[in-house]
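Okay, so here's the structure we're looking at.
Order of appearance sets the numbers: ligands from 1, and atoms from 1 within every ligand.
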Amino acid sequence: MNDQANRLRALARTQVPEATLFTSRVMAIASGKGGVGKTNVVAGLAMALAQLGQRVVVLDADFGLANLDILLGLSPEYTLEHVLRGEKLMEEILLDGPFGIRIIPASSGIQELTRLDAAAEMRLIQGLQRISATSDWLLIDTAAGIHDSVIKLLMAAQEVLLVTTPEPTALVDAYAMVKVVHLRDPHKPLWLLVNNAQSQDEAEETIEQLQAATRRFLNRDLHVLGMLPSDPFILQAVRQQRGVVELFPQAPSALALHSAARQLQEKIPLQKDGFAAFWKGLSAEEP
Ligand SMILES: Nc1ncnc2c1ncn2[C@@H]1O[C@H](COP(=O)(O)OP(=O)(O)O)[C@@H](O)[C@H]1O
Ligand SMILES: [Mg+2]
């Protein structure tokens, strides 16, 4: 690593400007397997939290399949790529979504956040820092799988929400994800949401299977956030590029999202330095 990078990293670790002392909760949403509904969950939770009066920012950090903007019918002119290159400020690329949520759009082909050069990293962190100053939640939609770059984001976040479906393949990959996170930090708060369940029984069975494995092999429990049923209203909302919470507030999945958002709001403690901790986590060098 070059000298400049070392200097900037050292700076990021030691200097936490006063402006970082906010109460933004940082939650990364992860999945072992792709296609389990992670992006729909992120968008839905963001809207449901916003309806509870929370100020929410969503960062699309799934650079391979950056599609949060498409899901919400937004057409970004600029993306995080422009911020990282120093061509735009974070404020200039923010998109306004439903219920006042704000979205930081990505584009495919952005360098992984953990492999940025020092200047790009500082642009990212300082931009996020300013945005977080006026938000209660930062939700991060991450790429599926246990790549190092994803795990690093998860380790930096205050809370991790794992999304899985009841499918055996998704479940196995979800367990692999829990294991990797747990081995890095046994105290990282891990939440579980089962999506696309055919019934309450199926969701409960899925939760029980995963809990049994984590108890037996890792000696820990997951926090259960609940389940989202398989819901045709989600597909209809996706086709219209709107959120199910917005379009069909009485749909089963929308009601479940509201209940999940209320739980998060009640159970996740405010951390005075939530974002500062995220910042330090992202800037920390690999051991
Ligand atoms: N609860 C659900 N019921 C029905 N379809 C769903 C549900 N959740 C997600 N889907 C569908 O699954 C597909 C993948 O969802 P997406 O959120 O893009 O997954 P991921 O971000 O994990 O790749 C989408 O077509 C979406 O409409
Ligand atoms: Mg996605």
Side-chain angles (χ1 to χ4, degrees), residues 27-48 58-74 76 79-80 95 97-98 101 103-110 112-113 139-147 149-150 153-154 160-174 176-178 191-204 206-207 225-261:
M27 177 170 242
I29 294 83
S31 73
K33 190 171 171 293
V36 297
K38 183 161 37 69
T39 303
N40 273 278
V41 167
V42 175
L45 284 178
M47 287 181 221
V58 189
L59 168 65
D60 189 350
D62 186 353
F63 301 142
L65 290 166
N67 57 11
L68 184 67
D69 50 324
I70 298 169
L71 198 67
L72 295 173
L74 303 168
T79 69
L80 195 55
L95 300 172
I101 68 172
I103 294 109
I104 303 172
S107 60
S108 305
I110 295 182
E112 285 161 3
L113 293 188
L139 302 183
I140 305 171
D141 188 6
T142 63
I146 52 174
H147 298 293
S149 55
V150 175
L153 267 180
L154 304 188
V160 173
L161 170 60
L162 188 61
V163 179
T164 183
T165 63
E167 277 178 72
T169 44
L171 207 56
V172 166
D173 291 353
M177 174 70 93
V178 172
W191 294 80
L192 173 63
L193 185 104
V194 174
N195 184 34
N196 223 346
Q198 297 301 324
S199 66
Q200 184 72 34
D201 279 355
E202 190 189 42
E204 276 166 21
T206 305
I207 290 166
L225 189 59
M227 65 90 94
L228 250 60
S230 175
D231 186 353
F233 284 109
I234 289 203
L235 297 175
Q236 208 173 319
V238 168
R239 279 194 206 103
Q240 297 186 43
Q241 290 183 279
R242 306 266 297 277
V244 71
V245 166
E246 190 189 2
L247 220 45
F248 308 110
Q250 296 304 318
S253 57
L255 298 177
L257 282 161
H258 278 296
S259 144

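Residues satisfying the ring pair (Phe, Tyr, Trp, His ring centres under 6.0 Å) test with Phe63, not counting sequence neighbours, are none.
Across Val41, Leu162, Leu193, a single residue satisfies side chain to side chain contact (heavy atoms under 4.5 Å, CB included) together with Leu225, and that is Leu193.
Regarding atom 5 (N) of ligand 1, its nearest protein heavy-atom neighbour is Leu235 CD2, 3.7 Å. Nearest protein heavy-atom contact of atom 26 (C) of ligand 1 is Asn40 ND2, 3.5 Å. Of the protein's heavy atoms, Gly37 N, 3.0 Å lies nearest to atom 19 (O) of ligand 1. For atom 10 (N) of ligand 1, the closest non-hydrogen atom on the protein side is Ile234 CG2, 4.0 Å.
Every atom of ligand 1 is numbered from 1 in the order shown, and the set under 4.0 Å from a heavy atom of Val238 is 27 (O). In summary, the atoms of ligand 1 found under 4.0 Å from a heavy atom of Gly35, numbered by their order in the structure, are 14 (C), 19 (O), 20 (P), 22 (O), 23 (O). Atoms of ligand 1 lying under 4.0 Å from any heavy atom of Asp231, numbered from 1 in the order shown and given with element: 2 (C), 3 (N), 4 (C).
Side-chain atoms of Thr142 come within 3.5 Å of backbone atoms of Ile29 as a donor-acceptor pair (strictly under, hydrogens ignored). Remark: side-chain polar atoms of Gln250 are not paired, donor with acceptor, to backbone N or O of Leu255 under 3.5 angstrom. No donor-acceptor pair under 3.5 Å is formed between the side chain of Glu246 and the backbone N or O of Arg242. Formation of a donor-acceptor pair under 3.5 Å by the Asp141 side chain with backbone atoms of Val42 is not found in this model.
Here the CG atom belonging to Leu153 is positioned 7.5 Å from the CG atom belonging to Leu59, to the nearest 0.5 angstrom.
For atom 7 (C) of ligand 1, a protein heavy-atom neighbour is present inside the 4.0 Å cut-off.
In terms of polar-atom proximity, Thr39 is counted as a contact of ligand 1, with an N or O under 3.5 Å from an N or O of the ligand. Taking distance alone, with nitrogen or oxygen atoms compared against 3.5 Å, Ser31 stays at or beyond that limit from ligand 1. Inclusion of Lys38 in the set of residues having an N or O under 3.5 Å from an N or O of ligand 1 is warranted.
Counting heavy atoms from C-beta outward, Met227 and Thr206 have side chains that stay 4.5 Å or more apart. Side-chain contact between Leu45 and Leu161 is present, with at least one heavy-atom pair separated by less than 4.5 Å. The closest side-chain heavy-atom distance from Leu192 to Thr164 is below 4.5 Å. In this structure the side chain of Ile103 never reaches within 4.5 angstrom of the side chain of Asp60, judged on heavy atoms.
Counting heavy atoms under 4.0 Å from ligand 1, residue Asp141 does not touch it at all.
At least one heavy atom of Pro229 sits less than 4.0 Å from an atom of ligand 1.
Excluding waters, the protein N/O/S atoms found under 2.8 Å from the Mg ion (ligand 2) are Thr39 OG1.
Checking Asn196 against Thr165 by side-chain atom types alone, no donor-acceptor pair falls below 3.5 Å.
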